[in-house]
Undergrad: 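Structure in structure tokens, see below.
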Amino acid sequence: MTARLADIAAQAGVSEATVSRVLNGRPGVSAATRQSVLAALDLLGYERPVRLRQRSAGLVGLITPELENPIFPAFAQVIGQALTRQGYTPVLATQTPGGSTEDELVEMLVERGVAGIIFVSGLHADSTADMARYDRLHGQGVPFVLINGFSARIKAAFVSPDDRGAMRLAVTHLAALGHERIGLAVGPERFVPVRRKIEGFVRSMEEVLGISADEAGERIRHSLFTLEGGQAAASGLLEAGCTAVVCASDMMALGAVRAARQRGLSVPGDVSVVGFDDSPLIAFTDPPLTTIRQPVTAMGQAAVRALLEEVGGTPAPHSEFVFLPELVVRGSTASGPEAGAAVFVQQSAGRRARDVQDPIGG
């Protein structure tokens with residue numbers, strides 16, 4: 001037991017005596033310290049003593065469109081942890097091709113008496129979908145919050161990243177590296193986040209590089225939010241002469257890297273690639289991916305707070321909480337051909353001037 005106490009104490013950053021007080025339910029330990037010890041138990045794989053197992057305050061459903069894209073498990077983890085800290089039990093419901101639809105998952109969760117539901121990138125993000133389904137959910141008295149994708153037709157709280165601002169970060173970064181022929185690889189245009197990214201891209205190309213909206217629009221390719229989709233979209237952009245590609249997801253960005261290599265181009269030597277999300281492990285790809293970090297932790301926690309306020313009787317405002325993304329520069333972006341050519345011209349001019357001044361180098 002001594003070794004176990006030592007392991008838990010080291011993981012939690014507290015003394016063995018403090019761990020003992022928590023495990024035995026004794027007073028004199030703050031709530032934050034108690035939570036740290038319980039988290040250490042969980043991380044080390046120890047089973048919690050029966051007296052320390054929390055009684056659930058209720059179930060909360062979390063619906064995601066898939067789990068293959070690492071960004072969705074990341075949201076699930078943040079939201080699950082936030083709910084657990086508040087005493088709720090998260091129930092993850094994931095759509096699969098040919099499996100349950102969003103409506104079927106909602107029906108299943110409602111039948112099980114969930115206290116509320118959080119939707120991540122659901123049908124609410126599809127501008128062509130019937131939003132009456134969310135009115136029906138309101139009619140059943142089930143609170144819900146929606147992440148990624150705003151609709152004025154749904155009276156609920158929304159949580160989103162600033163997609164337009166994300167594109168400005170990407171375009172500004174690439175322009176500073178000397179790129180002018182920048183392309184955008186995104187998903188289907190019917191999705192709200194895609195439309196916002198397009199708006200941000202076109203506006204940024206105008207304001208940062210002086211490229212017209214029509215010309216910027218010609219540098220946009222639509223595909224699926226997958227590695228294969230990114231590869232297909234990037235292939236079209238590279239064929240059109242783009243030296244840099246901004247992608248709507250990290251998975252698409254990995255596809256863009258593959259597309260460049262299949263054409264005998266190096267990343268970032270010949271082509272720069274920027275992703276979106278900063279998914280787990282994306283810093284360890286080859287090359288490490290420059291990306292726009294979606295503030296998953298802040299967004300997930302905000303969604304939980306908004307939902308639990310409504311569960312507690314405070315109606316959530318019909319508004320959108322927008323979170324600023326962050327540019328994370330890694331190894332997939334470098335100086336563009338335009339910048340390299342300019343440097344070469346400057347160096348050549350400098351050498352010619354020295355030759356004239358000192359032709360024999362003495």
Side-chain angles (χ1 to χ4, degrees), residues 38-39 42-45 56 59-86 88-102 104-106 108-109 114 116-126 144-149 158-161 163 166 186-187 191 193-194 224-230 247-255 257 275-286 288-308 321 323 325-326 328 330:
L38 293 180
D42 297 339
L43 287 171
L44 294 173
S56 176
L59 305 176
V60 172
L62 171 61
I63 298 180
T64 65
E66 54 154 312
L67 291 178
E68 290 185 2
N69 187 330
I71 197 64
F72 295 122
F75 267 115
Q77 183 174 17
V78 168
I79 292 169
Q81 289 174 342
L83 288 169
T84 300
R85 284 195 294 269
Q86 298 299 320
Y88 288 84
T89 300
V91 179
L92 179 61
T94 303
Q95 301 174 63
T96 56
S100 299
T101 65
E102 179 179 306
E104 291 168 343
L105 294 176
V106 168
M108 177 271 293
L109 291 170
V114 294
I117 300 175
I118 296 176
F119 295 85
V120 181
S121 300
L123 290 172
H124 64 277
D126 187 340
F144 59 90
V145 174
L146 306 122
I147 297 177
N148 278 340
F158 290 82
V159 177
S160 306
D163 291 298
V186 287
F191 294 111
V194 169
L224 300 177
F225 287 105
T226 61
L227 190 149
E228 293 78 12
C247 300
S249 76
D250 290 337
M251 295 297 285
M252 295 187 80
L254 295 181
V257 173
F276 181 86
D277 282 336
D278 196 26
S279 310
L281 303 181
I282 211 67
F284 305 100
T285 57
D286 178 26
L289 189 66
T290 294
T291 189
I292 304 296
R293 177 178 293 158
Q294 188 171 182
V296 172
T297 299
M299 290 171 61
Q301 292 174 347
V304 170
R305 284 196 300 271
L307 181 71
L308 296 188
F321 302 94
F323 290 78
E326 176 187 356
V328 182
R330 298 192 181 103

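When a residue number appears, it is its place in the shown sequence, counting from 1. Scope of the values below: all heavy atoms of this structure, side chains included, with no hydrogens, waters or symmetry mates.
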Undergrad: Give the intermediate values and the outcome of side chain to side chain contact (heavy atoms under 4.5 Å, CB included) for residues Phe191 and Val186.
TA: CA-CA 10 Å; Phe191 294 111; Val186 287; over 6 Å; no
Undergrad: How would you list, by chain and number, every residue that makes a salt bridge (charged side-chain N to carboxylate O under 4.0 Å, His left out) with Glu326, sequence neighbours excluded?
TA: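 Glu326 satisfies salt bridge (charged side-chain N to carboxylate O under 4.0 Å, His left out) with Arg293 only.
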Undergrad: Pick out which of Ile147, Ile71, Leu146 makes a side-chain contact (heavy atoms from CB on, under 4.5 Å) with Val120.
TA: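 Filter result, single survivor: Ile147.
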Undergrad: So, Gln86 side chain and Leu308 main chain: donor-acceptor pair closer than 3.5 Å or not?
TA: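 Between the backbone of Leu308 and the side chain of Gln86 there is no qualifying donor-acceptor contact (under 3.5 Å).
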Undergrad: Would you compute the distance between atom CD1 of Ile63 and atom CZ of Phe119 and round it to the nearest 0.5 angstrom?
TA: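 It comes to 4.5 Å.
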Undergrad: Would you say Pro90 and Gln81 make side-chain contact, with heavy atoms under 4.5 Å?
TA: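 A side-chain contact is absent here, since even the closest heavy-atom pair is not under 4.5 Å.
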Undergrad: Closer than 3.5 angstrom, by distance alone: can the side chain of Thr290 be matched with the main-chain N or O of Arg330 as a donor-acceptor pair?
TA: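 It does hold such a pair.
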Undergrad: Give the minimum heavy-atom separation between Gly122 and Glu102, together with the two atoms involved.
TA: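 The answer is CA-OE1, 3.4 Å.
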Undergrad: Does anything in residues 295-304 pair up under salt bridge (Lys or Arg N to Asp or Glu O under 4.0 Å), and if so which pairs, sequence neighbours excluded?
TA: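 Sorted pair list comes back empty.
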Undergrad: Measure the spacing between OG1 of Thr297 and CZ of Phe75 and express it to the nearest 0.5 Å.
TA: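 It is 9.0 Å, given to the nearest 0.5 Å.
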Undergrad: Test your reading of the model: is there a side-chain donor-acceptor pair from Thr101 to the backbone of Glu104, 3.5 Å cut-off?
TA: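 The answer is yes, because a donor-acceptor pair under 3.5 Å joins these two groups.
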Undergrad: What closest approach, in Å, do Pro295 and Pro325 show between heavy atoms, and which atom pair accounts for it?
TA: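 Here Pro295 and Pro325 meet closest at CD-CA, 4.2 Å.
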Undergrad: Calculate, to the nearest 0.5 Å, the distance between atoms CD1 and OG belonging to Ile282 and Ser249 respectively.
TA: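 One gets 9.0 Å once the value is rounded to the nearest 0.5 Å.
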Undergrad: For the residue pair Gly149 and His124, what are the closest heavy atoms and their distance?
TA: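 That would be O-CD2, 2.9 Å.
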Undergrad: Given side chain to side chain contact (heavy atoms under 4.5 Å, CB included), test Arg85 with Gln301 step by step and report yes or no.
TA: CA-CA 11 Å; Arg85 284 195 294 269; Gln301 292 174 347; 3.8 Å; yes
Undergrad: Of the options Asp278, Asn148, Asp163, which is the one that meets Gln294 in a side-chain contact (heavy atoms from CB on, under 4.5 Å)?
TA: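 With Gln294 as partner, side-chain contact (heavy atoms from CB on, under 4.5 Å) holds for just one option, Asn148.
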Undergrad: I need the full list of side chain to side chain donor-acceptor pair (under 3.5 Å) pairs touching residues 64-80, with sequence neighbours left out, sorted by first then second residue.
TA: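 Of all non-adjacent pairs touching residues 64-80, those that pass side chain to side chain donor-acceptor pair (under 3.5 Å) are Thr64-Thr94.
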Undergrad: How long is the span from the CG atom in Leu59 to the CG atom in Leu109, to the nearest 0.5 Å?
TA: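 Going from CG on Leu59 over to CG on Leu109, the span is 9.0 Å.
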Undergrad: Can you measure from CD1 (Ile118) to CG (Leu92) and round to the nearest 0.5 angstrom?
TA: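 One gets 11.5 Å once the value is rounded to the nearest 0.5 Å.
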Undergrad: Looking at Asp250 and Phe276, would you say the former's side chain and the latter's main chain have a donor-acceptor pair under 3.5 Å?
TA: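 At least one qualifying donor-acceptor pair exists.
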